[in-house]
Amino acid sequence: MSAYIDLHVHTTASDGTFTPAGAVALAEQIGLAAIAITDHDTASGVAEACAAGEKYGVEVVPGIEISVDYHGEGVHILGYFIDPASEALGRLLEWVALERRMRNEKIAEAMNSDGLDVSMKKMQMKYPNAVIGRPHFAAELVALGLVESVAEGFEKYLSPGGRYYRKREYIPIDMAFDIIHQSGGKAVFAHPYQYGFSPEELDKLTFELAGRGVVGIECIYSGYSPEQSAALMRLADKYALCPTGGSDFHGSRKPWISMGTGTGDMHVPMEMLSELKKA
Ligand code: AMP
Ligand code: ZN
Ligand code: FE
Ligand code: FE
């Protein structure tokens, strides 16, 4: 029997609902051999997860997910094997945190001026140590009864064009790669079908990313059909990238996604991690 893994997991350090140790405990329960902790804009959950990994006998890959600027779009890049204590990474994340805080203030103000009882102070009390983002605001909309689910909150209010959507600045692409590399990490292009690019655009972007030092592309992902994954594998092959896979598990914040199996029958083989290590 081959061993399975999940290279894309969020925790309470960003917008997941499992603590880093809790996520590792779940991985052990469901029989995964390895998971990567890939919180948005922070590696603050990595140390706890690694310690839990020792305890539960699950390999924990230190990681991060950052949004980089591609012609104004936020493209997500996974950084694997980063050193969470890296100074360069720390400086980058400080900038991102400041930018995010300013954007969050704008969202809170917009909600507030509509008479909704939302403030950053309350949010920070409710989610201490988390990277607060739109998912948390969507959860507030659910709590306030404006929508029934986080997904509906995004759809109706928090996506581009929505009443409470506010843009944030993404990291210039070269800067992001420099820092991932300086902190010992390997960059992987996350969930390529989530941006709405045409096949031609996707090919061009993958080519550009490969030229900038991306070593992998997430071919297996929650909800991607076998055909879609196969097309991404061909793209990986074309640009000599490592195919990787992960669910983008967020716990109950994205209840339709399960760790390890995604929306149903996703499986990521251990070999993908072994190959990524060699890349
Ligand atoms: P932010 O970085 O604060 O702008 O929030 C972006 C994050 O929101 C993404 O990384 C996803 O985890 C989450 N997200 C985006 N769209 C949706 C959606 N339709 N439903 C649930 N979560 C979403
Ligand atoms: Zn997320
Ligand atoms: Fe993402
Ligand atoms: Fe993610």
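All of these numbers come straight from a predicted model, not from anything done at the bench. Counting from 1, the numbers follow the sequence of the chain as shown.
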Residues at least two apart in sequence or cross-chain that pass side chain to side chain contact (heavy atoms under 4.5 Å, CB included) with Gln228, listed by chain then number, are Tyr193, Tyr224, Ser225

The criterion is ring-ring contact (aromatic ring centres under 6.0 Å, His included); which residues satisfy it with Phe18, sequence neighbours excluded? Phe249

Results of side chain to side chain contact (heavy atoms under 4.5 Å, CB included) for Met102 - residues two or more places apart only: none

Within 6.0 Å of CD in Glu87, more than 12 heavy atoms from elsewhere: no

Shortest non-hydrogen contact between Asp15 and Pro135, atoms and distance: OD2-CG, 3.2 Å

For His76, enumerate each residue passing the ring-ring contact (aromatic ring centres under 6.0 Å, His included) test, keeping only those at least two apart in sequence or located in another chain. His191

Heavy-atom count around Glu73 CD within 6.0 Å, excluding the residue itself: above 12? no

Residue pairs meeting ring-ring contact (aromatic ring centres under 6.0 Å, His included), one or both in residues 130-150, sequence neighbours left out, come to Tyr127-His136

Per-pair distances, 0.1 Å, donor-acceptor, side chain in residues 55-63, under 3.5 Å, sequence neighbours excluded:
from	atom 1	to	atom 2	distance (Å)
Glu59	OE2	Lys277	NZ	2.7

Does Lys186 reach the main-chain N or O of Gly216 with its side chain, forming a donor-acceptor pair under 3.5 Å? no

Do the side chain of Thr12 and the main chain of Thr17 share a donor and acceptor less than 3.5 angstrom apart? no

Applying side chain to side chain contact (heavy atoms under 4.5 Å, CB included) to His181 and not counting sequence neighbours gives Phe177

Are Ser222 and Asp248 close enough that a side-chain donor and a side-chain acceptor fall under 3.5 Å? no

Backbone of Tyr170 reached by a side-chain donor or acceptor of Asp69 within 3.5 Å: no

Expected output: side-chain Ser247 to main-chain Thr261 donor-acceptor under 3.5 Å: no

Kindly write out the residues that satisfy side chain to side chain donor-acceptor pair (under 3.5 Å) with Ser44, not counting sequence neighbours, or none if the list is empty. Thr42

If you apply the rule salt bridge (Lys or Arg N to Asp or Glu O under 4.0 Å), what do you find for Glu99 with Arg103, and how did you get there? CA-CA 6 Å; Glu99 215 292 313; Arg103 192 280 316 255; over 6 Å; no

Using the side chain to side chain contact (heavy atoms under 4.5 Å, CB included) criterion, which residues pair with Ser198? Sequence neighbours excluded. Glu200, Glu201

The ring-ring contact (aromatic ring centres under 6.0 Å, His included) partners of Tyr80 (sequence neighbours excluded) come to none

Is it the case that the side chain of Ser183 and the backbone of Asp83 share a donor-acceptor pair, with hydrogens and angles ignored and the cut-off at 3.5 Å? no

According to the salt bridge (Lys or Arg N to Asp or Glu O under 4.0 Å) rule, which pairs have a member within residues 37-53, sequence neighbours left out? Asp41-Arg100, Asp41-Arg168

Tell me if the NZ atom of Lys121 is crowded by more than 12 foreign heavy atoms within 6.0 Å. no

By side chain to side chain donor-acceptor pair (under 3.5 Å), which residues pair with Tyr239, not counting sequence neighbours? Asp203

Taking the inter-plane angle between the rings of Phe197 and Tyr70 on a 0 to 90° scale, is it parallel (under 30°), tilted (30 to 60°) or perpendicular (over 60°)? perpendicular

